[in-house]
Every structure is written in C-alpha cells, then in structure tokens.
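The structure appears right after this line, and notes come after that.
Below, chains carry the letters A, B, ... as their sequence lines are ordered, and counting in each starts from 1.
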Amino acid sequence: MGEKELRRSMAVLPMGTVMKLTSLTARQIRYYDDCGLVKSKRTESNRRLYSLNNIDRILEVKDYLDEGMNIEQVKRVYEKQRRRLASKNSNQRQTVSDKRVREYLRDDIMKAGGFYVDNDPQFKQGYL
DNA sequence: TTTCTAACA
DNA sequence: TGTTAGAA
C-alpha cells in the first residue's frame, strides 16, 4: 500500500465534515454506516471518524440509491466486489480490468434500475 | 458545541 | 428519511 492510499484510508474526519463533503444528512450517513456499507472508525468517546475512501464510498452508495437500488441491492454490489477480490488473491490469477468489473456490476445495476427483463434474450447470456 | 442512540403528535 | 429528546 502506497503512502497515498494510506492517507486516503486514514479515518480522521468527524461527522460534521462528512456532512459538508457529501451534502448528506447525519441521519443518512449513520444509516449507511449502520448497514455496514461504510467502515468508519470510532474515537474513544464513541464518535465516528471517516477516511477519504469512506467519503467516496458514501457518495457511491448515494448514487446507487438515487438510481433506484435499495440497501440490500447495494450490499450485494459490494459483496460481489469482496468475493471477486477474495478469489483474486487466493489463486493469483490474471488481474481483472476495470472494464470487466463494470460489466459484472452492470448486471446488478440493470436489475436494480428495472431495466432488466428476465425473459429478454438480450440479457440471457454474458455477464455471470 | 458536536455527535450519539433510540424512538415516533 | 426527518426530527427530536436526553446523554456524553
């Protein structure tokens, strides 16, 4: 992990800052947090602390939700991310390109957005 | 003052 | 999701 990523992963931002940076309410931020969609840290006095990567994740979740996905569907998107990274590390196979990742995610996004039709042959094959 | 949890005239 | 009460 480079020094740059290390900084982006440092949880040092308090709730108020995250609210300003994301334009979301504390309620929404805590909700994503409680759902496990964001890994915030806590201070000794139980206050949440977020990193820049957390901010990106929060914004990402916001976008998915705006696109019509519900919390459960958003969770699945990241579960798949996790599984793919898990298998990637276990059996050192070829690196997965961003393009490929987006293809996998598109399937979930299509379904979530209601653009996916089970009996539509156009979606029968390909992604998974 | 800021943030937290829990709960709902 | 908003909002509020009461505590830290």
*In the hydrophobic clustering that connects Ile, Leu, Val, Met, Phe, Trp and Tyr at side-chain heavy-atom distances below 4.5 Å, which members other than A:Leu49 occupy its cluster, ordered by chain and number?*
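Via sub-4.5 Å side-chain contacts, A:Leu49 links to none.
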
Atom-pair distance ([atom1] on [X]; [atom2] on [N]), nearest Å:
X	N	atom1	atom2	result
A:Asn70	C:dT1	CG	C1'	15 Å
A:Asp34	C:dT1	CG	C1'	14 Å
A:Arg30	C:dT1	CZ	P	14 Å
A:Arg42	C:dA8	CZ	P	16 Å

When rounded to the nearest 0.5 angstrom, what distance separates [atom1] in [X] from [atom2] in [Y]?
X	Y	atom1	atom2	answer
A:Lys41	A:Met10	NZ	CE	13.0 Å
A:Ser23	A:Ile58	OG	CD1	12.0 Å
A:Asp33	A:Asn54	CG	CG	8.0 Å
A:Leu6	A:Ser51	CG	OG	10.5 Å

_Partner nucleotide, any strand, of B:dT3 [Watson-Crick/G-U, under 3.5 Å]_ =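 Base-paired to C:dA7.
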
*Is B:dA9 paired to anything, Watson-Crick or G-U wobble with both distances less than 3.5 Å, and if yes, which nucleotide?*
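Because no pair has both required distances under 3.5 Å, B:dA9 counts as unpaired.
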
_What range of DNA chain B does chain A touch, first nucleotide to last, counting atoms under 4.0 Å from its heavy atoms?_
B:dT2 to B:dA7

*Where each residue is assigned the nucleotide of DNA chain B containing its nearest heavy atom, which of A:Gly16 and A:Arg27 is assigned the position nearer the 5′ end?*
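This one resolves to A:Gly16.
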
*Could you check A:Ser45 against A:Lys62 and say which one's nearest nucleotide on DNA chain C is further toward the 5' end?*
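The residue whose closest nucleotide sits nearer the 5' end is A:Lys62.
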
*May I ask you to decide if A:Leu37's main-chain N or O and A:Arg57's side chain share a donor-acceptor pair within less than 3.5 Å?*
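Here the side-chain-to-backbone pair exists.
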
*Answer with base, sugar-phosphate or nothing: what part of the nucleic acid does A:Tyr32 contact at a heavy-atom distance below 4.0 Å?*
sugar-phosphate

